Structure formats: structure tokens, C-alpha cells
K.L.:
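I'd like to ask you about the structure that follows.
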Amino acid sequence: MRDEAVAWRGSARQTWSLLEQGNRRWAAGESFRPRQDPRRRRQVAAGQRPRAVVLSCIDSRVPPEVVFDVGLGDLLVVRTAAHTLDPLVTAAVQFGPLDLRAGLVVVLGHQRCGAVTAAARALRAQVTLPGELPAVVAALQPAYATSGGRVAPMVHAHIRRTVAHLRADPLLRGSATVIGACYSLDTGRVSRVI
């Protein structure tokens with residue numbers, strides 16, 4: 001295994017390429033688990049310089065650091081149910097490019113998302129979910145409307161909507177490249193959507 005610390009410096013395109021390489025290793029069962037040792041912990045203890053922000057789902061099967069085979073300090077990860085946005089989440093995403101100079105934002109959806117499935121069922125049955133879950137349903141309603149309520153197309157539609165929202169953000173425009181991707185629970189592979 002080689003030290004990739006130098007490779008992490010560069011453009012958003014280079015960063016995405018490194019994330020793709022890490023994901024290929026993960027999917028093939030050949031993860032390096034780079035920069036996950038006491039030495040790296042000491043290196044990042046005084047400060048962080050993540051190269052990318054990943055906005056992903058809270059699903060326990062999709063930890064971005066694992067699926068992209070990266071180490072401590074490589075990613076700034078923001079997780080919400082179905083990567084839904086609100087002002088606090090948007091602020092967390094903005095923090096990466098504005099304060100930490102992370103040049104890439106990845107919106108990462110995934111196959112068979114439980115939040116998307118629950119929202120689709122609630123919208124189809126016209127029922128109100130308990131607690132604060134209606135906020136998730138409301139955030140996913142536009143994707144439901146454009147996908148016919150089918151979960152897989154709804155996941156992709158929501159990725160595209162989230163990317164469009166972040167690309168239109170005046171604080172992110174010009175400071176980061178925003179892309180969308182989808183993780184396959186079956187294969188472990190991440191595919192770019194937009």
C-alpha cells in the first residue's frame with residue numbers, strides 16, 4: 001500500500017477519481033484502509049483539510065469513509081435521512097468549501113433507501129408519519145411526484161434535486177464542484193448520477 005497523502009491535493013476531478021479508486025477497492029474486497037492509524041490521528045489532531053464533503057444518508061450500511069476507502073481527515077461527512085436538506089444541513093455542507101477549502105461536494109444516495117421507501121409509502125397511502133418524520137416526507141415529495149412513486153427512480157430524482165439545490169447555492173457556486181452519485185448495496189459500487 002502506498003501513502004496517498006500527496007495525491008489528495010488537487011482538483012475536484014482528481015479528488016473524485018481518488019474516491020472512485022477507493023470505491024473500486026472496497027467493492028472488490030481489497031480496501032487499503034489508508035490513513036487510519038495513530039500517526040494519522042496525530043497529524044489531523046491540530047486541524048483538518050478534507051478534500052471533499054459527502055452529503056449522504058444516515059443508513060448504517062453506507063458509511064462514506066468505508067465505501068470510498070479513505071482515512072481520517074479525508075472527508076467531511078454530513079448525514080441525514082435520504083440526504084435531505086434544511087438550513088442547518090446546508091450550513092454544514094457550506095462549511096467544507098468555505099472554511100476548509102474542500103473543492104468537491106458529493107451527494108450520495110443509495111439503493112433501497114429506507115427513508116425514501118417510507119416516504120413513498122406515506123405519500124401513496126396519504127398517511128402522516130409520527131414525530132418529525134413528516135419533514136422527511138415533505139422533502140421527498142417532489143421526487144415522488146416525478147418518479148411515479150417508485151423507490152429506485154425516486155432515489156435518483158432526489159439526488160438530482162439535491163445537487164441542483166446545492167449548485168444554485170450562492171456560497172457554494174464557484175467554491176466547490178457538486179456532483180451526485182448512488183451506492184449499490186448489492187455490489188458496493190458507487191455510480192455517478194449527475
Side-chain angles (χ1 to χ4, degrees), residues 16 19-20 23 26-27 50 52-70 75-98 102 104-173 176-194:
W16 175 245
L19 293 176
E20 286 181 307
N23 177 247
W26 158 253
V53 176
V54 178
L55 171 59
S56 68
C57 185
I58 58 174
D59 193 294
S60 63
R61 302 166 292 177
V62 191
E65 296 90 344
V66 173
V67 303
F68 288 119
D69 194 27
V70 298
L75 299 178
L76 179 69
V77 177
V78 181
R79 297 179 76 172
T80 66
H83 63 269
T84 52
L85 290 172
D86 68 15
L88 291 174
V89 173
T90 301
V93 172
Q94 290 168 340
F95 180 72
L98 296 177
L104 176 67
V105 174
V106 179
V107 176
L108 182 63
H110 68 92
Q111 180 184 33
R112 293 191 296 274
C113 179
V116 171
T117 301
R121 286 181 184 152
L123 289 163
R124 191 176 305 114
Q126 297 181 0
V127 298
T128 301
L129 297 180
E132 298 300 323
L133 293 173
V136 176
V137 174
L140 293 167
Q141 195 284 327
Y144 176 85
T146 62
S147 67
R150 296 181 325 253
V151 172
M154 195 171 159
V155 167
H156 284 197
H158 185 57
I159 292 167
R160 288 189 295 275
R161 285 184 51 77
T162 305
V163 167
H165 180 85
L166 293 174
R167 284 180 176 171
D169 185 295
L171 292 179
L172 293 175
R173 199 175 23 238
T177 299
V178 182
I179 65 171
C182 192
Y183 177 73
S184 169
L185 295 170
D186 294 332
T187 67
R189 290 300 301 268
V190 172
S191 302
R192 189 158 167 188
V193 173
I194 182 171

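Because the structure is predicted, anything quoted here is derived from the model rather than measured. When reading the values below, keep in mind they use all heavy atoms of this one structure, side chains included, and skip hydrogens, waters and symmetry mates.
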K.L.:
Identify the two heavy atoms, one from Val70 and one from Leu19, that lie closest to each other, and give their separation to 0.1 Å.
P.N.:
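What the structure gives for the nearest pair is CG1-CD2, 3.9 Å.
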K.L.:
Listing request: all salt bridge (Lys or Arg N to Asp or Glu O under 4.0 Å) pairs with a residue in residues 127-137, at least two apart in sequence or in separate chains.
P.N.:
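Listed once each, the pairs would be none.
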K.L.:
Among Val107, Ile179, Val53, whose side-chain contact (heavy atoms from CB on, under 4.5 Å) with Leu166 holds?
P.N.:
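When side-chain contact (heavy atoms from CB on, under 4.5 Å) is applied between Leu166 and each of Val107, Ile179, Val53, only Val107 qualifies.
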K.L.:
Hey, does Phe68 have a side-chain heavy atom less than 4.5 Å from the side chain of Val77?
P.N.:
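Val77 does not reach Phe68 side chain to side chain.
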K.L.:
What do you reckon, is CZ of Arg121 surrounded by more than 12 foreign heavy atoms closer than 6.0 Å?
P.N.:
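Atom CZ in Arg121 is not packed in, count stays at 12 or less.
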K.L.:
What pairs with His158 under ring pair (Phe, Tyr, Trp, His ring centres under 6.0 Å), at least two apart in sequence or on another chain?
P.N.:
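So His158 forms a ring pair (Phe, Tyr, Trp, His ring centres under 6.0 Å) with His83.
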K.L.:
Taking the side chain as C-beta and beyond, is there a heavy-atom pair between Leu185 and Val62 under 4.5 Å?
P.N.:
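Side-chain contact under 4.5 Å: yes.
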K.L.:
Is there a side-chain contact between Gln141 and Val137 (heavy atoms, below 4.5 Å)?
P.N.:
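No, their side chains stay 4.5 Å or more apart.
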K.L.:
Less than 4.5 Å apart, any side-chain heavy atom of Trp16 and any of Val106?
P.N.:
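Answer yes - side chains close enough.
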K.L.:
How long is the span from the CD atom in Gln111 to the NE2 atom in His156, to the nearest 0.5 Å?
P.N.:
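Reported value, rounded in 0.5 Å steps: 9.0 Å.
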K.L.:
Answer yes or no: is there a side-chain heavy-atom contact under 4.5 Å between Arg160 and Thr146?
P.N.:
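A side-chain contact under 4.5 Å is absent here.
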K.L.:
Please determine if Asp186 and Arg112 form a salt bridge, counting it only when a charged side-chain N lies under 4.0 Å from a carboxylate O.
P.N.:
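Between Arg112 and Asp186 there is a salt bridge, with a charged N closer than 4.0 Å to a carboxylate O.
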K.L.:
Not counting sequence neighbours, which residues clear side chain to side chain donor-acceptor pair (under 3.5 Å) with Thr187? List them please.
P.N.:
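Thr187: side chain to side chain donor-acceptor pair (under 3.5 Å) contacts with Ser184.
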